[in-house]
Amino acid sequence: MTGREILHKMKEKIKGPSDGGKGKSKMSKHITHGFHLVEGKSNHAMEDFVYAQFRQVGDNELGLFAIFDGHLSSVIPDYLRNHLFENILNEPDFWTEPENAIRKAYQMTDDEILAKAVELGKGGSTAVTAILINCHNLVVANVGDSRAVISKNGMAKQLSIDHDAGTERKEIEERGGFVSNFPGDVPRVDGQLAVARAFGDKSLKRHLSADPHIEVQIVEDDTECVILASDGLWKVMSNQEAVDAVKEIKDAKAAAKHLTEEALARKSSDDISCIVIKFQ
């Protein structure tokens with residue numbers, strides 16, 4: 001079975017948990033989310049996928065949000081959408097040590113993808129995930145260059161790290177790889193991949209990492225919004241520009257759509273996916 005056939009069967013079996021494009025917390029009426037995606041001007045199918053859902057787990061509420069940006073693959077980011085959060089929540093220590101659980105689940109999910117490489121095909125995916133625990137604790141993790149930004153008192157703060165090949169050259173070389181600007185105009189792992197961390201990419205895996213950067217934030221009264229987006233947005237907008245663009249838009253879905261439209265207006269040609277979580 002080809003990768004595209006697997007993707008079609010997964011889509012038939014599992015309805016995306018975010019088909020409506022927006023949602024809200026049951027624990028706090030002030031917390032809402034919305035998302036919007038735009039296919040880029042390229043010669044391949046859409047490779048961005050999102051996950052956005054509030055979920056009740058016993059007496060707890062979890063807000064689960066993610067952007068998965070595939071490269072040379074739409075199958076692997078869709079696989080992540082359907083499996084990564086389940087693997088995280090199945091970790092026994094999630095409620096006591098969420099950072100440790102997320103790190104283990106990221107690695108386990110990458111191992112699954114590599115083990116199914118013949119079925120899932122080549123390529124890989126970046127990811128940024130955000131888990132909002134009981135409307136109070138926000139745990140953000142990422143591999144690659146999809147990004148999470150929080151706004152407090154109107155000031156943008158990046159919660160993720162862009163794992164580009166140039167920045168992690170030393171680590172890549174220590175694994176036996178190399179970083180080259182040729183072909184192309186940006187540093188690439190073994191001259192191929194611009195990010196130093198990703199899921200999948202079996203042919204490059206010896207020189208890549210799937211170890212996430214993790215950041216924890218407390219949601220307080222000064223927290224206004226969180227923006228998660230693929231690099232199709234961040235290539236043309238700064239963190240502060242994105243925060244400023246949505247500060248007057250109350251509806252989270254409208255805010256996400258506005259950001260994608262602004263990225264298009266700035267000539268972004270990549271796939272663009274964006275989730276906005278509003279706290280006020």
Side-chain angles (χ1 to χ4, degrees), residues 1-18 35 37-40 42-53 64-88 90 102-130 141-148 160 162-165 177 188-190 192-213 228-232 270-275:
M1 185 178 293
T2 68
R4 287 190 180 276
E5 289 171 334
I6 291 173
L7 174 61
H8 180 67
K9 285 190 174 294
M10 286 195 292
K11 285 183 174 179
E12 284 184 332
K13 185 178 179 182
I14 303 175
K15 279 279 187 181
S18 47
F35 71 86
L37 299 88
V38 176
E39 187 171 341
S42 59
N43 57 1
H44 60 71
M46 180 68 162
E47 294 177 336
D48 280 13
F49 287 80
V50 303
Y51 191 111
Q53 182 188 66
L64 304 173
F65 308 99
I67 301 285
F68 303 113
D69 181 1
H71 42 267
L72 299 179
S73 174
S74 58
V75 179
I76 291 174
D78 195 50
Y79 182 92
L80 288 166
R81 182 182 64 164
N82 291 314
H83 292 84
L84 182 56
F85 278 126
E86 300 308 320
N87 287 343
I88 291 172
N90 284 334
I102 290 169
R103 197 173 301 281
K104 288 192 292 186
Y106 264 59
Q107 187 59 60
M108 181 176 72
T109 307
D110 190 46
D111 290 342
E112 290 174 0
I113 291 170
L114 296 176
K116 297 178 179 180
V118 173
E119 303 168 55
L120 298 179
K122 63 181 181 178
S125 179
T126 68
V128 59
T129 59
N142 84 292
V143 294
D145 54 6
S146 292
R147 188 183 301 175
S160 55
D162 296 345
H163 296 126
D164 65 85
R188 296 178 184 273
V189 179
D190 297 352
Q192 299 179 56
L193 188 63
V195 291
R197 304 191 193 192
F199 288 96
D201 294 296
K202 187 170 185 177
S203 64
L204 297 173
K205 198 81 245 184
R206 289 181 301 166
H207 308 150
L208 294 176
S209 169
D211 185 38
H213 170 79
L228 279 68
S230 59
D231 66 328
D270 200 354
D271 295 339
I272 307 165
S273 53
C274 179
I275 300 171

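Rounding to the nearest 0.5 angstrom, the gap separating the CG atom in D48 from the OG atom in S273 is 3.5 Å. Residue D271 holds its CG atom at 9.5 Å from CZ of F49, rounded to the nearest 0.5 Å. How far CD of E47 is from CG of D270: 8.5 Å, rounded to the nearest 0.5 Å. Separating the OG atom in S125 from the CG atom in L84 is a distance of 9.5 Å, to the nearest 0.5 Å. To the nearest 0.5 Å, atoms CD1 (I102) and CG (N142) are separated by 11.5 Å. One distance of note links CG of D201 with CZ of R206; it measures 13.5 Å at 0.5 Å rounding.
Contact between R81 and F68 at its shortest, heavy atoms only, is CA-CE1, 3.4 Å. Y106 and A141 make their closest contact through OH-O, 3.4 Å (heavy atoms, listed as atom of the first residue, atom of the second, distance). The minimum heavy-atom distance between A130 and L228, with the atom names listed, is CB-CD2, 4.0 Å. Across all their heavy atoms, I275 and A52 have their closest contact at CD1-CB, 4.4 Å. The two atoms that bring D110 and A198 nearest to each other are OD1-O, 4.1 Å, heavy atoms only. Smallest separation of non-hydrogen atoms from I272 and M46: O-CE, 4.3 Å.
For K205, the NZ atom sits in a packed shell: over 12 heavy atoms of surrounding residues, nucleotides or ligands are nearer than 6.0 Å.
Using modelled atom types and a 3.5 Å distance limit, the side chains of Q107 and D111 yield a donor-acceptor pair. For the residue pair S230 / S146, no side-chain donor-acceptor distance below 3.5 Å is found, with atom types taken as modelled.
Between the R197 side chain and the L208 main chain, no donor and acceptor come within less than 3.5 Å of each other. The main-chain N or O of A148 is found under 3.5 Å from a side-chain atom of S160 such that the two form a donor-acceptor pair.
Counting heavy atoms from C-beta outward, P212 and R103 have side chains that approach closer than 4.5 Å. The shortest distance between side-chain heavy atoms of V143 and D211 does not fall below 4.5 Å. T129 is not listed as a side-chain neighbour of F65, based on a closest heavy-atom distance of 4.5 Å or more.
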- request: Take D145 and D164 through the side chain to side chain contact (heavy atoms under 4.5 Å, CB included) test and state the conclusion after the steps.
  value: CA-CA 7 Å; D145 54 6; D164 65 85; over 6 Å; no
task: Please report the C-alpha distance between I67 and R147 in whole Å, then the side-chain angles of each, then the deciding distance to 0.1 Å, and finally whether the side chain to side chain contact (heavy atoms under 4.5 Å, CB included) criterion is met.
output: CA-CA 9 Å; I67 301 285; R147 188 183 301 175; over 6 Å; no
task: Could you check D69 against D231 for side chain to side chain contact (heavy atoms under 4.5 Å, CB included), going step by step and ending with a plain yes or no?
output: CA-CA 8 Å; D69 181 1; D231 66 328; 2.9 Å; yes
message: Working note: N87 + E112, criterion side chain to side chain contact (heavy atoms under 4.5 Å, CB included); need CA distance, chi angles, decisive distance, verdict.
response: CA-CA 11 Å; N87 287 343; E112 290 174 0; 3.4 Å; yes
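Taking the six-membered ring for Trp and thresholds of 30 and 60 degrees, H213 and H163 have ring planes more than 60 degrees apart, a perpendicular arrangement.
Remark: of the listed residues Y79, F35, F85, F85 is the sole one forming a ring pair (Phe, Tyr, Trp, His ring centres under 6.0 Å) with Y51. None of V195, L80, D162 except one satisfies the side-chain contact (heavy atoms from CB on, under 4.5 Å) rule with T126; the exception is V195.
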